[in-house]
A.B. asks: 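Pasting a structure below so you can have a look.
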Amino acid sequence: MRSAESYVAQPWGDGAYAKPRCVGRILNPAKEVTVESTFRFRHFTTRVDEVERPMSQWSETEQYGWGRFPRVTSLTARAEAMPDLRNALDDRDGEPVIAFGNGRSYGDAALIRNGRSILMRRLNRLLHFEYRTGWLKCEAGVTLRELIDIFVPRGFFPPVVPGTQLVTVGGAIANDIHGKNHHVDGTFADHVRRIEILTASGEIVECGPDVERELFWATVGGLGLTGLILTVEFKLLPIASPLIEMESIRVENLDEFFHVNEQSSDFTHTVSWIDSVTTGAALGRGIFMRGRHASADAELEPGPLTKVMTAVSPLLKVPFDAPNWAMNSLSMRLFNFAYFRKHPRGAKKSLTHYEPFFFPLDAIKDWNRIYGPRGMLQYQLVVPNEPNHSVIRAVLAEVTRAGMASFLTVIKEFGEHVHQGLSFPRPGITLALDFPNHGEPLFDLLTRLDDMVSDAGGRVYLGKDARLSRDHFTRMYPNWDEWKSIRDTWDPHAVFQSELSRRLGLSGEQG
Amino acid sequence: MTALVLGATSKIALEIAHRYAELGHTIVLAARNTADAERSASDIRIRHDAQCHVVQFDALDFASHPALIESVEKMAGPIEIGVVAFGDMGNEGPPFDNFEAGRRVIGINFTGAASLCELMATRMAARKRGLIIGLSSVAGDRGRQSNYIYGSAKGAFTLFLQGLRNRLFHEGVHVMCVRLGFVNTRMTYGMKTAIPIAEPDVVSRIVVRRGLSKANDIYVPGFWRFIMLMIRSIPEFLFKRLKL
C-alpha cells in the first residue's frame, strides 16, 4: 500500500472548515457566489454550477422499504451529481419530495404517494479524509459497507453501525442510528461534526453541534424532513484489527439476561438474541453476545464450518418470494429452538471477523423476501429501566398471547446518551421484534403494545415503523411540536414530506 | 502511467477512471464542470490511494485542445491511456429547421472527439507506446429516424477510430473502439425495455480488461453484436419503412 502522504492529508485547522485541496491544478475553478437568504437574514455561500442543466427525468416506480410493506408508486429521479438535486427541487411540479437512500428503513419513512422521490445512492463520493485522526467528509449516498471495505484495511471502522452495513450515511443521520455499542459510544450523530443540507429554499446550509445547531439537531433523527442531506463529516474509529474478541453466553431466561447484562459493562459491544416464542419460565432464553475490537496481534483460525460457509455464501441469495406459509409460527418455533440449542451451555469465547459479528443477516442477500409478498413489520421499542422489567415481560407475554411469533427478537440496554428532537434512543431497555405481515390481528397487537409502551414512558423507533398512529406518536415523543416548529421554519411550504410524516402529522398532514 | 479520461462527469467514464486508479495509474479527469470533477477526483484519491488531477475542457472549443493536451502532459507526464468518453445525445426531434443543435451534437460526438484523438495519437506515436479507447455507440451502426444525427456522429467516430487504428498500428499504439449499448446512466434512467441494461461498473471492467488485451472493436455488453447484426441485415427497402 502506498504511503498515506500521497493522498490529500491537509489538516483542517482548528475549527475552521477548509475546502479540500487537490493534488493537481484546476485550470478554471468553478465560481462561488454569496447569496442573501430570503427568510433567515443570513448569508450563505452557494456554489453556482456553470453547466446548462437538463430537466430531471422522472420515472414512475414502485417503491417499498425493507419490510416490503407498504408499497407505493411514485415518480422517482436519480441524482448523479449535485446540480441534479437543485433541478429536482425546481421541476417537481409543486409536489413534495423525499430522499431515498438504500431502502433499509423498514417502513414508509422514505416513501411518498403523490410526490417525488429522489434516489441519492449515486451521490457516493468521498471528499476528504484525514488519515491521522479518522475524520471523513463524504456525500450522503455512501453506504457503510463501502466505508468498511475501504477503511478497515487502513485501520478504521465506522463509529456506530446498525444491524446491516447497507445503509447510507444520509440514512444514518436521518434515523440517528444506534448499534451494539450505544451504551458506550452513543448514536451516529455523536460522531458527526458537520452536515451540509439542501433546504427547501434551495440554499445549501452547513450545520453542526456548534453552528446552526437547531437545524443540526432537527436533522438528526429528522427522517429527511428538514432537507436533502448532501454531505456528512464524521469521525471513523481507529481499530487495530478487523477481528472482534467476543463471548457468547447462553441465558436461560429474561432474569439471566438482565443479570449477565449488568456484568458486561466493560465490553464495548453487547446485544442479545432471544427466543420470544416460548412462554413461562423459559421466556427470554437466548444468546447474549458481548465483544470488543481485538488487538493487533489477534489471528483467526478458520474452522471447517467457516470454510464451508465462505464457499457457499455466494449461493445464499433468496432469489424469489418464498410463499407466505414459509414463515409461520411452527417454522419459527423450530428455528428459535434449533438456534438456541446449538449454542453450548455457559459462555463461549471466540475471535470472530467483524462481518458475522455485526452483520449476520447481510450474509443472506434479500433475506427480507423470505417473508413472502405480504412483507413484514418491525417493531422496536425502548422503555425506561425499572426493577422488575415488568413492561418488557408484559410486551413479550402479550406477543405470545396474541399468537404472533417474532422471528428474530433482539434486546439490548441503551446508554445515557440522549438527543433532542426525534432521535429514538433513551436510557432503558430496547426490544426489537419482527413479524410477518398478518394484517389486522397484527396491527391490533401493535396498537396494544403502543399503549403499553407509551404508558411506560417509552417510544417506538420511527426508522422501523410503518403504522404508528399520530395519537401514540405524540405521547411517545412529547417534544414533537418543538421539533416540528423548527422544521417548519426551514421548510414552511412542506416541500419535504413522506408517508410517515403525513401519518404522524410532521409534515404535509393535510395532503 | 497516466490515464486521461475525457468526459469525466459521465458515470461510465468515472468508473473507468476508478478501474485504472485501482491498477495504479495516475488519473487526469477532464470535464466541463470542474467542481463536480473535483469531487470525483477526491473520491478516486481516497478510495484508491491514487494521484488524480482535474482539468477543464470543452469538446466544442477545438482551438483549445492542443493546449489542453500539452498542459495535461506537463502536469501528469506522458499520457499512456486516453479514454474518449464524452458525448451528448442532444434532443432530436421536431422542429428540425434549426441545425444549430445538430451541429453541436456532431461537434461534440465527432469533431471534438476526433480532434482530441488526433492530438493524443501524434504524441503517442512519437513515443511508440499508448492506448486510445473511444466510447462509441450502437446507434452508430445504422442510421434510424429517431436518432440519426447523434447516430451518424457516433458512426463517423467509429470509422475514424478504425482508420486511426490502422495508422497507429505501425507506430506500436493500440486503438480500441467500444460500441456501447444501453448502460444504466442518466440517459437511460427509467427506460422501460426488455433489453437488459448494463451497470456502469460492469461496463468499466469489461472495457479495461479488453483494453489490456488489445481488442479492436467490441460491443458492450456483448449481446449487442448480435442485435446489431440483425439490425444491419434488414434490407433498406424494409428498414426505411420502420419507426425504430
A.B. asks: So with a 6.0 Å cut-off around NZ of B:K243, is the heavy-atom count from everything else above 12?
C.D. replies: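 Open: at most 12 neighbouring heavy atoms sit under 6.0 Å from NZ of B:K243.
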A.B. asks: Counting only heavy atoms not in B:R205, do more than 12 fall under 6.0 Å of its CZ?
C.D. replies: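 For B:R205, atom CZ is crowded (more than 12 foreign heavy atoms under 6.0 Å).
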A.B. asks: Is the shortest side-chain heavy-atom distance between B:I46 and A:Y131 below 4.5 Å?
C.D. replies: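 B:I46 does not reach A:Y131 side chain to side chain.
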A.B. asks: Taking atom types as modelled, is there a side-chain donor on B:S40 or A:R125 under 3.5 Å from an acceptor on the other?
C.D. replies: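 Side-chain D/A pair, B:S40 to A:R125: present.
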A.B. asks: Just wondering, are more than 12 heavy atoms of other shown residues or ligands nearer than 6.0 Å to CZ in B:R127?
C.D. replies: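 Enclosed: over 12 neighbouring heavy atoms sit under 6.0 Å from CZ of B:R127.
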A.B. asks: Between A:N124 and chain B, which part of the residue has a heavy atom less than 4.5 Å away: side chain, backbone, both or neither?
C.D. replies: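 Both backbone and side chain of A:N124 come within 4.5 Å of chain B.
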A.B. asks: Roughly how far, to the nearest 0.5 Å, is OG1 of B:T185 from CZ of A:R78?
C.D. replies: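 Here the interatomic distance stands at 7.0 Å.
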A.B. asks: Check each atom of A:E60 against the heavy atoms of chain B and say whether the ones under 4.5 Å are side chain, backbone, both or neither.
C.D. replies: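 The answer is the backbone of A:E60.
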A.B. asks: Does a salt bridge link B:R39 with A:E139, judged by any charged N lying under 4.0 Å from a carboxylate O?
C.D. replies: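 Answer for the salt bridge query: yes.
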A.B. asks: Taking NZ, NE, NH1 and NH2 as the nitrogens, is one of them in A:D84 or B:R186 under 4.0 Å from a carboxylate oxygen of the other?
C.D. replies: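 Salt bridge flag = yes for B:R186 with A:D84.
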A.B. asks: Let me know if B:N184 has heavy atoms under 4.5 Å from chain A in its side chain, its backbone, both or neither.
C.D. replies: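 Interface part for B:N184: both.
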A.B. asks: If you compare all heavy atoms of B:Y189 against all heavy atoms of A:S59, which two are closest, and at what distance to 0.1 Å?
C.D. replies: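 Closest approach of B:Y189 to A:S59: CE2-CB, 4.0 Å.
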A.B. asks: Of the backbone (N, CA, C, O) and the side chain (C-beta and beyond), which part of A:L147 lies under 4.5 Å from a heavy atom of chain B, both, or neither?
C.D. replies: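 Interface part for A:L147: neither.
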A.B. asks: Return the minimal non-hydrogen interatomic distance between A:I150 and B:R47, and the atom names on each side.
C.D. replies: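 Smallest heavy-atom distance, with atoms named: CD1-CG, 3.5 Å.
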A.B. asks: Say you draw a straight line from CG of A:L127 to CZ of B:R45; how long is it, rounded to the nearest 0.5 Å?
C.D. replies: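 That separation rounds to 10.5 Å.
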A.B. asks: At their closest point, which heavy atom of A:P83 faces which heavy atom of B:N33, and how far apart are they?
C.D. replies: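 The answer is CG-ND2, 4.2 Å.
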A.B. asks: How long is the gap from CE on A:M82 to CG on B:D36, to the nearest 0.5 Å?
C.D. replies: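 The distance works out to 8.0 Å.
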